[in-house]
Amino acid sequence: EMIELTGITDEELAELARRFHGLRKIGKVTGNLVMAVGETITDYQTGNSERIVQQQVLTRLAGLTKEDMQSTVIAYEPRWAIGTGLAAKEDEVQRMHSLIRNTIKDKWGTEASERVRIIYGGSTNKKNVLTHLDEKGKEVKGLLELKDVDGVLPGGASADLEEFIAIAKAAEQLADT
């Protein structure tokens with residue numbers, strides 16, 4: 001949404017990412033780069049999610065080195081799930097995170113794909129971060145338990161203290177195991 005509002009292109013995002021890592025290397029900034037990727041509802045409904053997200057990863061991170069990828073976090077945020085109450089199913093989240101990780105592996109190598117953190121940011125809440133029952137009563141893994149999900153990025157849930165604390169405790173619980 002912010003990209004559409006500002007008119008910034010994927011290529012301009014890539015230039016900003018390269019600048020960030022350049023400044024990081026000379027000690028002018030600290031921390032990690034967080035780059036969001038995610039499809040629109042139209043992309044999702046027409047089966048173009050994988051193509052769009054893979055293209056975003058390759059374009060928005062173009063020019064980064066393997067070393068840069070170690071201090072880069074990719075936030076998969078399906079735009080159709082932000083602030084709408086809609087949420088991707090856990091198998092969809094895992095599939096997209098796996099696609100992102102494999103795209104990193106193909107472009108930057110195995111080590112980069114293992115070290116980059118890929119987090120999920122579409123309608124996370126205390127109910128979907130750990131194992132729970134789906135609408136049919138079937139037990140499903142929570143977002144934080146999925147193989148290729150390295151964390152979550154709570155949006156609206158961060159505004160509700162009880163919800164946010166529950167998510168943090170779930171992450172802590174998994175970190176202790």
Side-chain angles (χ1 to χ4, degrees), residues 1-20 32-64 68-69 72-108 112-113 116-130 132-138 140-160 163-164 167:
E1 240 178 311
M2 183 63 77
I3 292 171
E4 289 176 3
L5 291 174
T6 62
I8 194 168
T9 66
D10 285 347
E11 291 77 11
E12 290 168 322
L13 284 173
E15 177 59 28
L16 292 172
R18 289 189 295 273
R19 285 184 189 176
F20 172 86
N32 295 315
L33 171 73
V34 179
M35 182 64 72
V37 298
E39 74 279 19
T40 66
I41 188 70
T42 303
D43 298 327
Y44 177 71
Q45 290 172 336
T46 58
N48 288 312
S49 297
E50 290 87 352
R51 183 181 62 77
I52 294 296
V53 169
Q54 185 174 46
Q55 176 186 342
Q56 288 173 347
V57 168
L58 293 172
T59 307
R60 293 178 184 182
L61 301 175
L64 297 188
D68 294 336
M69 294 305 290
T72 298
V73 177
I74 300 171
Y76 170 58
E77 298 188 277
R79 290 167 40 200
W80 54 268
I82 299 172
T84 63
L86 299 173
K89 301 260 187 269
E90 288 76 6
D91 62 328
E92 294 172 316
V93 173
Q94 172 55 37
R95 187 180 78 249
M96 294 304 290
H97 278 240
S98 177
L99 170 83
I100 293 167
R101 195 166 306 281
N102 286 326
T103 300
I104 300 296
K105 182 178 179 181
D106 292 346
K107 176 73 176 172
W108 288 277
S113 74
V116 71
R117 286 179 306 245
I118 306 169
I119 61 177
Y120 179 71
S123 295
T124 58
N125 59 59
K126 64 184 178 185
K127 294 178 185 153
N128 66 7
V129 294
L130 293 176
H132 58 281
L133 299 178
D134 67 11
E135 62 278 353
K136 295 178 183 172
K138 179 184 171 199
V140 294
K141 281 187 176 182
L143 294 169
L144 289 171
E145 299 166 307
L146 300 175
K147 177 180 182 259
D148 289 304
V149 176
D150 299 316
V152 294
L153 184 63
S158 65
D160 179 329
E163 189 83 19
F164 186 73
I167 292 170

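When side chains are defined from C-beta on, Asn48 does not count as touching Glu39, because their heavy atoms never get closer than 4.5 Å.
Here the closest non-hydrogen pair linking Leu146 and Lys141 is CD2-CB, 4.0 Å. Closest heavy-atom contact between Ala75 and Leu153: CB-CD2, 4.2 Å. Between Ala14 and Ala62, the shortest heavy-atom contact is CB-O, 4.0 Å. Heavy-atom minimum distance, Leu143 versus Tyr120: CD1-CD2, 3.7 Å. Between Leu144 and Ile167, the closest heavy-atom pair is CD1-O, 4.4 Å. Taking each heavy atom of Pro154 and Thr124 in turn, the nearest pair found is CA-OG1, 3.3 Å.
Using a 30° and 60° split on the angle between ring planes, Tyr76 and His97 fall in the perpendicular class, above 60°.
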Problem - Test side chain to side chain contact (heavy atoms under 4.5 Å, CB included) applied to Arg117 and Asn32, step by step - result: CA-CA 10 Å; Arg117 286 179 306 245; Asn32 295 315; 2.6 Å; yes
Exercise for the section: Starting from the C-alpha separation in whole Å, work towards a yes-or-no answer on side chain to side chain contact (heavy atoms under 4.5 Å, CB included) for Trp108 and Leu61. Expected result: CA-CA 10 Å; Trp108 288 277; Leu61 301 175; 3.8 Å; yes
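Between Arg95 and Glu92 no salt bridge is recorded (no basic side-chain N to carboxylate O distance below 4.0 Å).
Note that CD1 of Ile100 is 9.5 Å distant from CG of Asp148, once rounded to the nearest 0.5 Å. Here the CD-NZ distance, from Glu135 to Lys89, works out to 4.0 Å after rounding to the nearest 0.5 Å. Expressed to the nearest 0.5 Å, how far OG1 of Thr72 lies from CZ of Phe20 amounts to 7.5 Å. Here Arg18 contributes atom CZ and Leu33 contributes atom CG; the two are 11.5 Å apart, rounded to the nearest 0.5 Å. Distance check: Glu163 CD to Lys127 NZ gives 7.5 Å after rounding to the nearest 0.5 Å. Between atom CZ of residue Arg60 and atom CD of residue Glu15 there is a gap of 15.5 Å, rounded to the nearest 0.5 Å.
Remark: the backbone N or O of Gln94 is not paired with any side-chain donor or acceptor of Ser98 at under 3.5 angstrom. One N or O on the side chain of Asn128 and one on the backbone of Asn125 form a donor-acceptor pair closer than 3.5 Å. In this structure, Gln56 contributes its side chain and Gly38 its backbone to a donor-acceptor pair below 3.5 Å.
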